[in-house]
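These notes are about the structure you will find just below.
Just so we're on the same page: letters track the sequence lines, and every chain starts at 1. This is a predicted model, so every value here is computed, not measured.
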Amino acid sequence: MPELPEVEVTRRSFAQRIQGARILHARAGLPLRWPLGRGAEQLAGLTVLRVDRRGKYLLLQLDDGVLLVHLGMSGSLSFRADAPPPGRHDHFDLVTTQGTLRLNDPRRFGAVLWSASLQVDPARKLLGSLGVEPLGDAFDPAAFHAGLKARRAPIKQVLLAGDVVVGVGNIYASEALFLAGIRPTTRADRLSRARADRLHAAIRQVLMRAVERGGSTLRNFSSAAGESGHFQAEAAVYGRAGQPCLRCATPLRQIRQGQRSTFFCPMCQRA
DNA sequence: CTATGGACCTGAATGC
DNA sequence: TGCATTCAGGTCCATA
C-alpha cells in the first residue's frame with residue numbers, strides 16, 4: 001500500500017495532533033518484521049516531540065530516543081481519541097494523552113522499533129544507506145545522473161532499490177518512467193544526462209502530485225484521519241496492462257522485473 | 001563492491 | 001461450491 005506519498009499523507013494527518021502528547025501505554029500484538037527493541041512498558045511516560053519522515057519510515061521523535069514506524073506492504077495508521085478494542089490485524093497501539101496511534105497491518109511486513117537516536121542501531125543500520133529525498137533540495141539532476149552512472153541494473157530496479165533516491169515504489173516507478181518516456185528495462189548507466197533530467201523531473205512531479213491528491217487508493221489506502229486517496233484514477237500505466245496508452249492508444253504491456261510487475265507503453269517508452 | 005532470488009505473511013482474486 | 005494457484009503498494013538477507 002504505502003509508497004512515499006502515502007507515508008507522507010499519513011504523517012501529515014496526525015503529526016500536529018500527536019505532537020506534545022505523553023505516552024500512557026504501548027501495546028504490541030503479533031510480531032511484526034522486527035522486535036520493538038525496548039519493552040513496550042518502557043515507552044510509558046515518554047513524550048512525542050514531533051513526527052518526521054525519512055524515505056518510507058515515520059520517525060516519532062521522543063524525549064528519549066526515536067520510534068521508527070514502517071508500514072510495509074499492507075500497513076496503515078489511525079489516530080483517534082477513543083480507539084475501539086484492537087481488531088485481528090491491529091498489532092501496535094501507542095496510547096497517549098492526545099489519542100491512540102494504531103498500526104493495522106494484515107501481512108505484518110511493517111515494523112515499529114525504538115532506537116536511542118538516529119546515529120546508532122537500529123536506526124543507523126536501517127536509514128544509513130538510504131538515498132536522497134526526492135522532494136528535497138538535495139535531489140538535483142547532476143547528482144542523480146551521477147548516481148545512475150554507477151549502476152548497471154535496469155533503471156526500474158535501481159529506482160526501487162532506494163539507495164540512489166528513496167520513496168519511489170512499484171506504482172510510481174512505472175508511472176515516472178512512463179512520464180519520462182524511458183523503457184523500464186534500460187540499464188541505469190546508459191541514460192544520458194538529458195534523459196536522467198527528464199526522469200528526475202518526472203519523479204518529482206508524480207510524487208508531488210500524489211501527495212497533493214492524498215496518496216494512492218489502489219487497494220484501500222487511507223490516511224490516519226480515515227480519508228482515502230485519489231491517485232488510483234490517475235495512474236497512466238500501473239495496473240492497465242492491455243488497455244490503450246493514454247497518449248498513443250497502443251496496448252500497454254506488463255512484464256516482470258525482480259519478481260515485481262512493471263507496466264509500460266512499448267511505443268512511448270522505446271529506449 | 002554489485003546484482004539477483006528467496007524470505008517474511010495474510011487475504012483477495014482467479015482458475016479448474 | 002471447494003480447493004489450489006497467483007498476486008499484492010517493501011526491503012532485508014544470503015548467495016553468486
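Under a 4.0 Å N-O distance rule, the pair A/D82/A/R80 qualifies as a salt bridge. A salt bridge links A/R11 with A/E8; the closest basic N to acidic carboxylate O contact falls under 4.0 Å. Ion pair A/R107/A/D105 not flagged as a salt bridge, since none of the NZ, NE, NH1 or NH2 atoms sits closer than 4.0 Å to an Asp/Glu carboxylate oxygen.
Of all heavy-atom pairs between A/R270 and A/R183, the closest is CA-NH2, 3.6 Å.
When the C1' atom of C/dT11 is taken as reference, atom NZ of A/K56 falls 8 Å away, rounded to whole Å. Rounded to whole Å, the distance from CG on A/D163 to C1' on C/dG10 is 14 Å. In this structure, A/K156 places its NZ atom 14 Å from C1' of C/dT11, rounding to the nearest Å. If you measure from atom CD of A/Q254 to atom P of C/dT6, you get 15 Å, rounded to the nearest angstrom. Atom-to-atom, CG of A/L127 to P of C/dC12 comes out at 9 Å; the value is rounded to the nearest Å. Whole-Å rounding puts the A/M73 CE to C/dC7 P distance at 13 Å. Regarding A/L71, its CG atom lies at a distance of 10 Å from the C1' atom of C/dG10, rounded to whole Å. One atom, CD1 of A/I155, and another, C1' of B/dT2, lie 15 Å apart when rounded to the nearest Å.
Side-chain atoms of A/S76 and A/N104 form no donor-acceptor pair, as typed in the model, at a separation below 3.5 Å.
Closest to the side chain of A/R260, from the set C/dA8, B/dT4, C/dT11, is C/dT11. Counting only heavy atoms from C-beta on, A/L126 has its side chain closest to C/dC12 among C/dC12, C/dG10, B/dT4. Closest approach to the A/R256 side chain among C/dC7, C/dG10, B/dT4 is made by C/dC7 (side chain taken as heavy atoms from C-beta onward).
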Dot-bracket for DNA chain C, 5' to 3', Watson-Crick and G-U pairs with both distances under 3.5 Å, [ ] for crossing pairs, | for partner on another strand, reads .|||||||.|||||||

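Comparing A/R152 and A/Q259 along DNA chain B, the residue whose closest nucleotide (by nearest heavy atom) sits nearer the 5' end is A/R152.
Contact check, A/R88 against B/dG11: a side-chain N or O comes under 4.0 Å of OP1 or OP2. OP1 or OP2 of C/dA8 lies within a sub-4.0 Å distance of a side-chain N or O belonging to A/S261. Taking only side-chain nitrogens and oxygens, A/H89 never comes nearer than 4.0 Å to OP1 or OP2 of B/dT10. Contact check, A/K125 against C/dC13: a side-chain N or O comes under 4.0 Å of OP1 or OP2. Considering only side-chain N and O atoms, A/R108 lies under 4.0 angstrom from the phosphate OP1 or OP2 of B/dT10.
Under the salt bridge (Lys or Arg N to Asp or Glu O under 4.0 Å) criterion, A/D90 pairs with A/R102, sequence neighbours left out. Legend: residues meeting side-chain contact (heavy atoms from CB on, under 4.5 Å) with A/A40, ordered by chain and number and at least two apart, are A/A26, A/L36.
Judged by ring centres under 5.5 Å apart and planes tilted less than 30 degrees, A/F109 fails to stack against the six-membered base ring of B/dC9.
In this structure, A/R151 reaches the sugar-phosphate backbone alone: every heavy-atom distance under 4.0 Å involves primed, P, OP1 or OP2 atoms, never a base. Contacts of A/G169 with the nucleic acid, taken as non-hydrogen atoms under 4.0 Å apart, involve only primed sugar atoms and P, OP1 or OP2. Using a 4.0 Å heavy-atom distance criterion, A/R187 is classed as making no nucleic acid contact.
C/dT6 and B/dG6: their P atoms are spaced 14 Å apart (whole Å).
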Can you give me the N/O atom pairs linking the protein to nucleotides 14-16 of chain C at distances under 3.5 Å, or say none if there are none?
none

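Counting heavy atoms from C-beta on, the side chains of A/P2 and A/K56 never come closer than 4.5 Å.
You'll find a donor-acceptor pair under 3.5 Å spanning the side chain of A/R107 and the base of B/dC9, going by distance alone.
One N or O on the side chain of A/S115 and one on the backbone of A/A123 form a donor-acceptor pair closer than 3.5 Å. Using a distance-only test at 3.5 Å, with no hydrogens or angles considered, no donor-acceptor pair links the side chain of A/R187 to the main chain of A/D189.
For DNA chain C, the residues of residues 26-36 of chain A within the heavy-atom distance limit of 4.0 Å (strictly under) are A/R33, A/W34, sorted by number.
Ring to ring, A/F178 and A/F264 are not that close: their centroids are 6.0 angstrom or more apart.
Counting only residues at least two apart or in different chains, salt bridge (charged side-chain N to carboxylate O under 4.0 Å, His left out) contacts with residues 139-156 of chain A comprise A/R151-A/D163.
In A/R253, the CZ atom is not crowded: 12 or fewer heavy atoms of neighbouring residues, nucleotides or ligands sit closer than 6.0 Å.
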